[in-house]
Amino acid sequence: MHEMSLAREVLHILENQARLQKFSRVHAVTVTIGPLAAVDGPALHFAFEAVTQGTLAEGAELHMEHPAARGCCRHCGHCFTMDSWLTPCPHCGGPAQAEGGQEMQVKDLQVSDEGMRRR
């Protein structure tokens with residue numbers, strides 16, 4: 001389950017940002033996960049809850065956004081939204097080259113220090 005490694009990396013990012021931005025508590029985290037990233041949402045939620053126990057992010061809400069993946073046809077150059085790695089070009093049926101949708105990144109944090117919430 002690579003979601004555990006991903007959750008640990010999110011926690012590492014939170015801890016680094018806490019040091020840089022001087023906050024002590026994370027209330028919510030929003031991550032964007034491309035549809036081609038092969039991340040199981042429920043497994044990531046479970047892993048995030050497990051790795052954040054006893055940390056500045058314990059009890060934090062994990063929100064996930066799933067932007068559309070984009071690809072362009074290798075034959076005709078038409079660009080379109082992809083549902084999977086195997087989505088053919090809707091124009092000519094040719095194979096697609098993914099141009100996005102493989103990423104996972106921390107997009108937004110809701111944090112506080114000394115009881116004050118900030119975004």
Side-chain angles (χ1 to χ4, degrees):
M1 172 160 92
H2 76 275
E3 285 79 7
M4 189 63 76
S5 296
L6 295 173
R8 283 188 192 112
E9 185 58 30
V10 169
L11 179 59
H12 180 71
I13 290 167
L14 300 178
E15 291 169 340
N16 283 340
Q17 288 302 308
R19 280 190 291 280
L20 293 171
Q21 297 184 39
K22 303 196 184 334
F23 57 84
S24 59
R25 181 88 176 95
V26 177
H27 300 281
V29 181
T30 302
V31 295
T32 57
I33 303 170
L36 306 179
V39 176
D40 181 274
L44 183 59
H45 266 286
F46 176 80
F48 183 76
E49 286 181 17
V51 302
T52 57
Q53 293 295 312
T55 72
L56 77 164
E58 182 172 5
E61 297 176 20
L62 178 64
H63 304 283
M64 291 183 250
E65 295 180 353
H66 302 279
R70 298 282 302 158
C72 294
C73 180
R74 292 181 183 179
H75 291 166
C76 73
H78 178 72
C79 294
F80 55 94
T81 300
M82 297 177 67
D83 297 331
S84 76
W85 286 102
L86 303 175
T87 304
C89 174
H91 188 304
C92 75
Q97 172 69 41
E99 300 290 327
Q102 306 159 59
E103 60 282 327
M104 178 178 156
Q105 61 186 14
V106 174
K107 177 184 177 186
D108 187 52
L109 301 176
Q110 291 179 3
V111 301
S112 67
D113 188 35
E114 300 177 353
M116 299 206 33
R117 285 186 99 146
R118 64 180 177 184
R119 197 168 168 92

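Annotation: side chain of Val39 is in contact with side chain of His2 (closest heavy-atom distance under 4.5 Å). Side chains of Gln110 and Glu61 form no contact here, defined as non-hydrogen atoms less than 4.5 Å apart. Inter-residue side-chain proximity for Asp108 and His63 is flagged as unmet; no heavy-atom pair is nearer than 4.5 Å.
Counting heavy-atom neighbours within 6.0 Å of His91 NE2, excluding the residue itself, gives a total of 12 or less.
Scanning all heavy atoms of the two residues, the minimum distance from Leu44 to Ala7 falls at CD1-N, 4.0 Å. Closest approach of Glu3 and Asp40 over heavy atoms only: OE2-N, 2.8 Å. For Asp113 against Lys22, the heavy-atom pair with the smallest separation is OD2-O, 3.6 Å. For the residue pair Ala96 and Phe80, the shortest heavy atom distance occurs at CB-CZ, 3.5 Å. Summarising the geometry of Ala98 relative to Gln102, their closest heavy-atom pair is CB-NE2, 3.6 Å, with the distance given to 0.1 Å. Of all heavy-atom pairs between Val29 and Val106, the closest is CG1-CG1, 4.2 Å.
Leu6 and Leu36 sit in two unconnected hydrophobic clusters of ILVMFWY residues. Membership requires side-chain heavy atoms under 4.5 Å apart, directly or through other members.
The main-chain N or O of Gly101 is found under 3.5 Å from a side-chain atom of Glu103 such that the two form a donor-acceptor pair. Side-chain atoms of Glu58 come within 3.5 Å of backbone atoms of Gly54 as a donor-acceptor pair (strictly under, hydrogens ignored).
Taken from OG1 in Thr52 to CD in Glu15, the straight-line distance is 10.5 Å, to the nearest 0.5 Å. The CE atom of Met104 sits 10.0 Å away from atom NE2 of His66, with the distance rounded to the nearest 0.5 Å. Taken from CZ in Arg19 to CG in Leu14, the straight-line distance is 11.0 Å, to the nearest 0.5 Å. We find the CD-CD distance between Glu65 and Gln105 to be 10.0 Å, quoted to the nearest 0.5 Å. Rounding to the nearest 0.5 Å gives a distance of 12.0 Å between NE2 of His75 and CD of Gln97. Of the inter-residue distances, the one linking Ile13 atom CD1 with Leu109 atom CG reads 9.0 Å to the nearest 0.5 angstrom.
Between Cys72 and Cys79, the two SG sulfurs come within 2.5 Å of each other, short of that mark.
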